[in-house]
A.B. asks: 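A single structure is presented below for examination.
Nothing here was measured: the structure is a model prediction, and the numbers come from that model. Numbers for residues simply follow the sequence, beginning at 1.
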Amino acid sequence: MSVYQENIHKLFAKTSRQLTKAAAKAQPGAIHRMRTSIRRLEAILEELSPDLDRNQRKLLKVLSRLRRRAGRVRDIDVHVAALRSLKLSDEPGRKTQILSKFADLRIARERKLVKLFDNVSIRELRKRLKRAEQSLQISDDFPGPLETAYDSFVRLAKKNETLSEKGLHQYRIQGKRARYVAELAGDEAQARAFVSRLKSMQDVLGEWHDWLTLAQAVAKLTNSANNSPLLSALNNIARAKFHEAVRVVAETKRAILASDPQKKLNTSVSPRRDPVLYRAIATAAA
């Protein structure tokens, strides 16, 4: 068994365990770990397997629904922590009011999540995970986790040359997928460097997204006008995080695409097959 095949096996087993733990108690840590395991598994199944069978497609559908509901609970936990960390002398009553609304909202969202955690559903889901792993077919021409992840990142960079808010969202989502695939390579030096760069980028993008969605949630919950000191503070933080995210994404993009373009072209992409991609890599490396 290759390193990446062994890591795929560990990922299936870990996802099964995290589902059981989150179902037992919907604590923030358990929910976060379950969501991360699900995201990794979704990336692996969709990126590595050319043809998903019926069980695998059903599995992805169920996992996606579970991840989304868990994400809504996780968002509240993150927003509460961020809001509590914000020191603001103005509108202390508004901050308390919002925290109270967040508490009520979390209870409602957790109830919806727990509905998916009944014993029968979890048992069936674990069976689907086992069958999905057994039937997983990796394409014969699969170049390897790192090469596949590089290709994914280059396509992402080519489609999002302008780092707008929409572009940053793509880097936040698709960058995770590339990282999860690269992690299958294990302790390869190049893979570790690639994963480390993407992890640093994702941390910054995650902070920006959390403050952005917090500002949006506060505006919605309170019908606040822009002259609200609390909302103004949140928007200012979100804007600062946006500019920091743009800087980090640009640096990450430049570093990854320029890391070893000759090896990239030799092992994964032929300039004859994709001259636009060749120019993108060559330009970034210049």
A.B. asks: To the nearest 0.5 Å, what is the distance between CD on Gln202 and CZ on Arg179?
C.D. replies: 5.0 Å
A.B. asks: For a side chain to side chain contact (heavy atoms under 4.5 Å, CB included) check, start with the C-alpha distance between Leu214 and Ile237, then their side-chain angles and the critical distance, and finish with the verdict.
C.D. replies: CA-CA 10 Å; Leu214 173 57; Ile237 294 173; over 6 Å; no
A.B. asks: Please report the C-alpha distance between Arg155 and Lys158 in whole Å, then the side-chain angles of each, then the deciding distance to 0.1 Å, and finally whether the side chain to side chain contact (heavy atoms under 4.5 Å, CB included) criterion is met.
C.D. replies: CA-CA 5 Å; Arg155 291 195 301 271; Lys158 188 173 71 169; 5.6 Å; no
A.B. asks: Mind checking the CG-CZ spacing from Leu212 to Arg239? Nearest 0.5 Å is all I need.
C.D. replies: 11.0 Å
A.B. asks: Check Gln18 against Ser37 and note the closest heavy-atom contact, atom names and distance.
C.D. replies: CG-OG, 3.5 Å
A.B. asks: Is there side-chain contact between Arg172 and His209, with heavy atoms separated by less than 4.5 Å?
C.D. replies: yes
A.B. asks: Please check: side-chain N/O of Thr148 versus main-chain N/O of Gly144, any donor-acceptor pairing under 3.5 Å?
C.D. replies: yes
A.B. asks: Is there a continuous path of hydrophobic side-chain contacts, each under 4.5 Å between heavy atoms, that joins Val195 to Leu156?
C.D. replies: no
A.B. asks: Check whether any side-chain heavy atom of Tyr180 lies under 4.5 Å from a side-chain heavy atom of Thr36, and answer yes or no.
C.D. replies: yes
A.B. asks: Is it the case that more than 12 heavy atoms not belonging to Asp51 sit under 6.0 Å from its CG atom?
C.D. replies: no
A.B. asks: Name the one of Arg254, Arg247, Lys253 that satisfies side chain to side chain donor-acceptor pair (under 3.5 Å) with Glu251?
C.D. replies: Arg247
A.B. asks: Looking only at heavy atoms, what is the nearest atom pair of Ala132 and Phe12, with distance?
C.D. replies: CB-CE2, 4.0 Å
A.B. asks: Looking at His169, I'd like to know if its NE2 atom is crowded, meaning that more than 12 non-hydrogen atoms belonging to other residues, nucleotides or ligands lie closer than 6.0 Å.
C.D. replies: yes
A.B. asks: Verify the neighbour count for atom NZ of Lys14: are there more than 12 heavy atoms of other residues, nucleotides or ligands below 6.0 Å?
C.D. replies: no
A.B. asks: Before you tell me yes or no, could you show the steps for Phe153 and Leu257 under side chain to side chain contact (heavy atoms under 4.5 Å, CB included), namely the whole-Å CA-CA distance, both residues' side-chain angles and the distance that decides it to 0.1 Å?
C.D. replies: CA-CA 9 Å; Phe153 187 86; Leu257 296 182; 4.2 Å; yes
A.B. asks: Would you find a donor on one side and an acceptor on the other, under 3.5 Å apart, between the side chain of Lys95 and the backbone of Leu83?
C.D. replies: yes
A.B. asks: On a heavy-atom basis, which atom in Ala22 and which in Met34 lie closest, and how many Å separate them?
C.D. replies: CB-SD, 3.6 Å
A.B. asks: Can you hop from Val218 to Leu99 via hydrophobic side chains spaced under 4.5 Å?
C.D. replies: yes
A.B. asks: What is the minimum heavy-atom distance between Gly167 and Asn160, and which atoms define it?
C.D. replies: CA-OD1, 3.6 Å
A.B. asks: Nearest 0.5 Å, please: how far is CD1 in Ile38 from OG in Ser64?
C.D. replies: 9.0 Å
A.B. asks: Check whether Leu11 and Tyr4 end up in the same hydrophobic cluster, where Ile, Leu, Val, Met, Phe, Trp and Tyr are linked by side-chain heavy atoms less than 4.5 Å apart.
C.D. replies: yes
A.B. asks: So, taking the atom named CD1 in Ile122 and the one named CG in Leu116, what distance separates them when rounded to the nearest 0.5 Å?
C.D. replies: 8.0 Å
A.B. asks: Please give me the minimum heavy-atom distance between Leu234 and Ala215, naming the atom from each residue.
C.D. replies: CB-CB, 3.9 Å
A.B. asks: Are Ser135 and Gln56 linked by a side-chain donor-acceptor pair shorter than 3.5 Å?
C.D. replies: yes
A.B. asks: Distance-only, no hydrogens or angles: does the Ser85 side chain make a donor-acceptor pair with backbone N or O of Ala82 under 3.5 Å?
C.D. replies: yes
A.B. asks: Please round to the nearest 0.5 Å and tell me the distance separating atom CG of Asp104 and atom CZ of Arg109.
C.D. replies: 12.0 Å
A.B. asks: Can you tell if the side chain of Val249 reaches within under 4.5 Å of the side chain of Val204, non-hydrogen atoms only?
C.D. replies: no
A.B. asks: Does Arg57 have any side chain to side chain donor-acceptor pair (under 3.5 Å) partners at least two apart in sequence or in another chain, and if so, which?
C.D. replies: none
A.B. asks: Should Leu129 and Leu19 count as side-chain neighbours, where that means a heavy-atom distance under 4.5 Å?
C.D. replies: yes
A.B. asks: Distance check, rounded to the nearest 0.5 Å: Ile8 atom CD1 versus Leu45 atom CG?
C.D. replies: 8.5 Å
A.B. asks: Can a donor-acceptor pair be found, under 3.5 Å and without considering hydrogens, that links the side chain of Ser100 to the backbone of Thr96?
C.D. replies: no
A.B. asks: Are Leu146 and Gln190 close enough that some pair of their side-chain heavy atoms sits under 4.5 Å apart?
C.D. replies: yes
A.B. asks: Within the structure provided, determine whether Leu125 and Leu59 are in side-chain contact (heavy-atom separation under 4.5 Å).
C.D. replies: yes
A.B. asks: Any heavy-atom pair between the side chains of Leu136 and Leu48 that's under 4.5 Å?
C.D. replies: no
A.B. asks: Please give me the minimum heavy-atom distance between Ala149 and Ala182, naming the atom from each residue.
C.D. replies: CB-CB, 3.7 Å
A.B. asks: Any carboxylate oxygen within less than 4.0 angstrom of a Lys/Arg side-chain nitrogen, looking at Glu42 and Arg177?
C.D. replies: no
A.B. asks: How would you list all residue pairs meeting salt bridge (charged side-chain N to carboxylate O under 4.0 Å, His left out) that involve residues 187-213, not counting sequence neighbours?
C.D. replies: Arg74-Asp210, Lys199-Asp203, Glu207-Lys241
A.B. asks: Backbone N or O of Phe117 within a donor-acceptor pair of the Ser121 side chain at under 3.5 Å?
C.D. replies: no
A.B. asks: Counting C-beta onward and ignoring hydrogens, is there a side-chain heavy-atom pair between Glu124 and Arg128 closer than 4.5 Å?
C.D. replies: yes
A.B. asks: Find out if a path of hydrophobic residues (ILVMFWY) with successive side-chain heavy-atom gaps under 4.5 Å connects Leu221 to Ile76.
C.D. replies: yes
A.B. asks: Under the side chain to side chain contact (heavy atoms under 4.5 Å, CB included) criterion, do Asp75 and Thr213 qualify, and how do the steps go?
C.D. replies: CA-CA 9 Å; Asp75 287 345; Thr213 54; 5.7 Å; no
A.B. asks: Angle between ring planes, Phe102 versus His79, binned at 30° and 60°: parallel, tilted or perpendicular?
C.D. replies: tilted
A.B. asks: Test of understanding: clusters of I, L, V, M, F, W, Y form through side-chain heavy atoms closer than 4.5 Å, transitively. Do Phe242 and Tyr171 belong to the same one?
C.D. replies: yes
